[in-house]
Number of protein chains: 2
Amino acid sequence: MDAPDILKNRGLKVTKIRVAILEAMGESRQALPYSELQKKLSIFDRTTLYRTLLVMIDKGFIHKALEENGDTYYALCSSCTSKVHNHNHVHFKCKECSSVQCLYLQNEIGLSIPEISIETIEITAKGTCSLCRLTN
Amino acid sequence: MDAPDILKNRGLKVTKIRVAILEAMGESRQALPYSELQKKLSIFDRTTLYRTLLVMIDKGFIHKALEENGDTYYALCSSCTSKVHNHNHVHFKCKECSSVQCLYLQNEIGLSIPEISIETIEITAKGTCSLCRLTN
DNA sequence: ACATTAAATGCAACGGTGTTGCATTTAATG
DNA sequence: CATTAAATGCAACACCGTTGCATTTAATGT
Ligand SMILES: [Mn+2]
Ligand SMILES: [Mn+2]
Ligand SMILES: [Zn+2]
Ligand SMILES: [Zn+2]
């Protein structure tokens, strides 16, 4: 299913920038830093990009995978809706190539601390990705 | 041991802003967002604050506990040196009062994924802190 | 195909943060 | 107290987050 259909099915207007964002993120298979989205979508005003990202987060199309050193990495959601947001997966950043990806694992990771009520857990792993391991 | 001694013992010059940062963070017992440090230390130029934070991270005095929505939370290190940085602990943010703290737990949390070599893991938990739970 | 309208867009503008260069000041040392 | 490497303050620039407002556009019904 292509980007315009995805948008229609979820009751969102089909606009150029929304299509462009979905296509850019679908191709890369990885999280994209804001700075790169900005470059790829430089035909659009950055305010429009900013507001579109807000909408697409809210509607469950994308999520923030990582915020680091002022850059924010965005990734496609796997099963979110405007009502239900599920981001209980691991984010991985390669120290070599700086790529960021979502890792969907089998076993859930839980935490329990006395006195504190924990609702969500975010895990960011860092190391060397499979591609960079081959290169070395 | 007070802030000037801590700095001397680690071979750093005792300057006003370094003392002020150590004291501000020591009192709060929590991570402080950059924005708050900026306010508390407004007598200093913000470039100096910026560079001092860089040095103190490098020297193992403080670390970034959380980066979220453009604000960075800094916390005191428990046992880091300029050579060895140990941040394998959990960071917790209360959704009620926005406080951020370091949680030093017993059991280590490990992750293992085929093809990928994981070196470090960062865990951020969110929920309601003990103080806010009492208030509710 | 065309008019209607709510939503989306582009532009301007402001404040905050990250970052660097450079001249000046200061903490440590003997 | 003199020396000097380190730290500081100031200026400057780029980038990001955010908002208001006027204009354009996608969707809908006729
Ligand atoms: Mn993800
Ligand atoms: Mn910490
Ligand atoms: Zn890599
Ligand atoms: Zn709280």
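Chain identifiers are assigned alphabetically (A, B, ...) following the order of the sequence lines, protein sequences preceding nucleic acid strands; residue numbering begins at 1 within each chain. Heavy-atom basis, side chains included; hydrogens, waters and symmetry copies ignored.
Within the 4.0 Å cut-off from OP1 or OP2 of C:dC11, not a single side-chain nitrogen or oxygen of A:Thr47 is found. Look at A:Thr48 and you'll find a side-chain N or O under 4.0 angstrom from OP1 or OP2 of C:dG10.
Of the residues listed (B:Lys126, B:Lys95, B:Lys93), the one engaging A:Glu119 in a salt bridge (charged side-chain N to carboxylate O under 4.0 Å, His left out) is B:Lys95, and it is the only one.
Among the atoms of the strands shown, none is found under 4.0 Å from any heavy atom of A:Val55.
Minimum atom distance to the side chain of B:Ser35 is reached by C:dT17, of the listed C:dA27, C:dT17, D:dG9. Of the candidates D:dC16, C:dT20, C:dA28, C:dT20 carries the atom nearest the B:Tyr50 side chain, counting heavy atoms from C-beta on.
Distance, A:Leu54 CG to C:dA7 P: 17 Å, rounded to whole Å. As a whole-Å value, the separation of B:Tyr34 OH from D:dG17 P is 17 Å. Rounded to whole angstrom, the span from the CD atom of A:Glu68 across to the C1' atom of D:dC16 amounts to 17 Å. Taking atom CZ of residue B:Phe44 and atom P of nucleotide C:dT25, one finds them 17 Å apart after rounding to whole Å.
To the nearest 0.5 Å, atom CG of residue A:Leu53 and atom OG1 of residue A:Thr72 are 9.5 Å apart.
Judged by distance alone, with hydrogens and angles left aside, B:Arg51 brings no side-chain donor or acceptor close enough to the base of C:dG18 to form a pair under 3.5 Å. One N or O donor and one acceptor, one from the side chain of B:Arg46 and one from the base of C:dG18, sit under 3.5 Å apart.
Relative to the axis of its first five pairs, the axis of the last five pairs of the helix from C:dA1-D:dT30 to C:dG30-D:dC1 sits at 30°, rounded to 10 degrees.
Note on B:Val55 and B:Tyr50: separate hydrophobic clusters, where clusters join Ile, Leu, Val, Met, Phe, Trp and Tyr whose side-chain heavy atoms are under 4.5 Å apart, directly or indirectly.
Along DNA chain C, the nucleotide nearest B:Val14 and the nucleotide nearest B:Gly70 are compared for position; the residue whose nucleotide lies closer to the 5' end is B:Gly70.
Across every non-hydrogen atom of B:Lys59 and B:Arg10, the tightest pair is O-NH1, 3.3 Å.
Side chain of B:Arg133 to backbone of A:Glu115: a donor-acceptor contact under 3.5 angstrom is found.
Residues A:Cys102 and A:Ser78 fail the side-chain proximity criterion, which asks for heavy atoms closer than 4.5 Å.
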